[in-house]
Amino acid sequence: MSDLRVLGGGAEAFGAILRNIANARNRIEIHAFLWCDDNTGNKLATALLEAAERDVTVIIHKDRVAAVYELSGGNNQSFFHKEAKRGEKFAAWVLERTYLGKDKERKARKRQRPNALVDQLVAHPNVTVAHDDKRFDHSKMFIFDEEILVLGSMGIGDDHHDEWIDMMIELTGAHHVERLAQRMAGEVEFDSTRRVDFLLHNQRAHEKKTCPMLSERLNLIESAETSVVIEMAYLGDPRFTKALIGAVNRGVAVTLVTGRDVNVLRSLGRATLAKILKSTGAPEHLCIILHPRMVHAKMVVVDGRYSDVGSANFTKLSHGVYDEVNVYIDDEELAQALTEHAFSHREDGEVVQGPLSYKKWVSQVERATVAYQSRNGA
């Protein structure tokens with residue numbers, strides 16, 4: 001496993017990213033969904049500016065879709081999107097009222113503060129920033145000198161650094177970076193016989209209303225023989241719900257860790273868990289854990305051998321709407337490390353013993369909203 005490393009999330013993962021930036025010699029490429037103007041966001045930007053000063057080429061792909069989440073969460077400060085559009089402000093207001101309630105302090109700090117660091121980064125001749133368009137790129141990736149790849153679930157912000165449970169993987173070797181580029185360009189198909197390959201949806205490479213990663217992720221769960229271990233932020237795609245129910249019903253030990261109070265799609269997630277419990281009869285080999293911290297990881301481990309880690313949730317938005325990048329790994333040592341990461345959250349989490357309550361009408365609204373947003377997806 002020398003070319004693969006589990007970084008997890010928070011300070012450890014950000015520390016590894018900062019070290020890679022400091023060591024970069026030629027080129028850094030970043031795909032970022034969320035980037036907040038806070039301590040973490042500014043620390044990363046400062047490191048990139050320093051790299052640019054030593055003639056490293058820095059390329060940043062920043063999706064404007066996430067501006068809504070930057071305005072409604074964390075410290076309400078977006079790093080790149082200082083001029084929020086009316087629709088973005090309204091969507092942020094809806095998210096806040098739905099999931100956070102009234103908060104006068106939050107309302108007062110929503111005005112975007114200027115940041116000279118943003119201007120310096122965007123204006124630097126060695127830096128290219130694409131941040132004005134809604135590209136629906138939900139991936140979280142860092143590529144260093146075409147030799148090191150870091151990907152997973154972690155956004156750029158203090159919430160991810162200090163509070164949330166995320167999962168990032170580091171892959172070392174130019175062959176991994178080259179394989180990802182081939183997959184993203186649509187030049188090669190996914191190959192489950194490889195030790196490492198990439199599961200993805202890419203609007204520029206895949207036909208509209210198709211999502212190749214969907215069938216492969218479902219196949220992974222449906223082929224499970226002994227165990228499925230999951231840490232997942234958002235639930236609600238009935239295809240994954242059916243696959244998990246099927247796994248439990250054929251005797252597979254299923255452990256699912258998610259947040260007790262997720263920041264969006266909260267009732268839909270709880271409704272999904274309630275359906276799994278009811279449809280399976282909640283046997284002993286099904287363990288659902290609700291963690292008090294926000295679980296933002298997107299991770300699946302099957303039979304202690306096969307791992308699926310990246311940016312894609314168990315929602316329809318992740319399978320046909322957003323661009324997503326996950327890594328598929330056939331490696332028992334790495335699978336064990338990921339499993340230990342998930343099981344480490346048992347002590348602080350609540351094991352669901354009986355029926356799970358949720359607001360049915362809210363879950364229906366959330367389901368309808370996702371269905372509308374996903375109408376052109378797979």
Side-chain angles (χ1 to χ4, degrees), residues 9-10 32-38 40-41 63-79 81 84 88-103 105-107 109-110 136 138-140 152-168 230-237 256-273 288-299 310-318 321-322 324 345 348-350 356-359 362-363 365-370 373-374:
F33 187 67
L34 181 141
W35 193 323
C36 295
D37 185 354
D38 54 19
T40 301
D63 201 314
R64 189 169 186 113
V65 170
V68 170
Y69 302 102
E70 293 158 359
L71 295 175
S72 61
N75 67 345
N76 302 115
Q77 295 294 311
S78 173
F79 188 80
H81 311 302
E88 293 167 345
K89 292 180 180 179
F90 176 73
W93 177 82
V94 171
L95 284 176
E96 284 190 334
R97 292 300 298 267
T98 303
Y99 296 105
L100 299 173
K102 295 181 179 180
D103 187 335
E105 180 183 350
R106 182 176 293 273
K107 182 178 180 181
R109 70 187 189 210
K110 192 174 291 186
F136 294 90
H138 189 245
S139 61
K140 293 93 173 159
S153 66
M154 190 174 64
I156 302 169
D158 287 350
D159 281 345
H160 292 270
H161 185 281
D162 301 328
E163 298 292 336
W164 292 11
I165 296 172
D166 275 294
M167 176 51 64
M168 301 292 281
I230 299 167
E231 276 194 332
M232 190 61 56
Y234 310 113
L235 309 168
D237 189 326
L256 195 160
V257 182
T258 190
R260 182 183 62 202
D261 300 307
V262 296
N263 60 335
V264 295
L265 302 182
R266 185 179 303 159
S267 291
L268 179 57
R270 292 177 73 91
T272 300
L273 297 176
I288 294 176
I289 300 169
L290 298 180
H291 202 279
R293 292 164 62 192
M294 172 65 195
V295 176
H296 194 252
K298 302 94 167 54
M299 176 187 98
S311 62
N313 294 290
F314 283 174
T315 67
K316 287 189 174 182
L317 290 174
S318 282
V321 179
Y322 285 145
E324 306 278 12
H345 299 126
D348 296 332
E350 171 195 355
L356 194 62
S357 62
Y358 62 95
K359 295 180 179 180
V362 177
S363 71
V365 171
E366 291 174 337
R367 191 183 305 277
T369 301
V370 172
Q373 293 174 327
S374 308

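We're numbering straight along the sequence, starting at 1.
With hydrogens and angles left out, the side-chain atoms of Y322 and N313 include no donor and acceptor closer than 3.5 Å. When only modelled atom types and interatomic distance are considered, E231 and H345 share a side-chain donor-acceptor pair under 3.5 Å. Residues S139 and E324 have side chains that never bring a donor and an acceptor to within less than 3.5 angstrom of each other. Side-chain N/O atoms of T40 and D158 include a donor and acceptor closer than 3.5 Å.
Taking 4.5 Å as the limit, every side-chain heavy atom of V257 sits out of range of all side-chain heavy atoms of I165. You'll find the side chain of R270 reaches within 4.5 Å of the side chain of L290, heavy atoms only.
Between the W35 side chain and the G41 main chain, a donor and an acceptor come within less than 3.5 Å of each other. In this structure, the side chain of S318 does not engage the main chain of F314 through any donor-acceptor pair within 3.5 Å. At least one donor-acceptor pair closer than 3.5 Å links the side chain of T258 to the backbone N or O of M232. Within the 3.5 Å criterion, the main-chain N or O of S311 finds a donor-acceptor partner in the side chain of H138. A distance-only check finds a donor-acceptor pair linking the side chain of R293 to the backbone of E163 [under 3.5 Å]. With hydrogens and angles disregarded, a donor-acceptor distance shorter than 3.5 Å links the side chain of E366 to the backbone of S267. Using modelled atom types, one side-chain atom of R266 and one backbone atom of V262 make a donor-acceptor pair closer than 3.5 Å. Looking at N76, its side chain does come within 3.5 Å of a backbone N or O of L71 through a donor-acceptor pair.
If you run side-chain hydrogen bond (donor to acceptor under 3.5 Å, both in side chains) between D166 and each of H161, K140, K298, H296, only H296 comes through.
Here the closest heavy-atom approach between residue G157 and residue C36 is recorded as CA-CB, 4.2 Å.
The structure places CG of L34 at 8.5 Å from CG of D159, a figure rounded to the nearest 0.5 Å.
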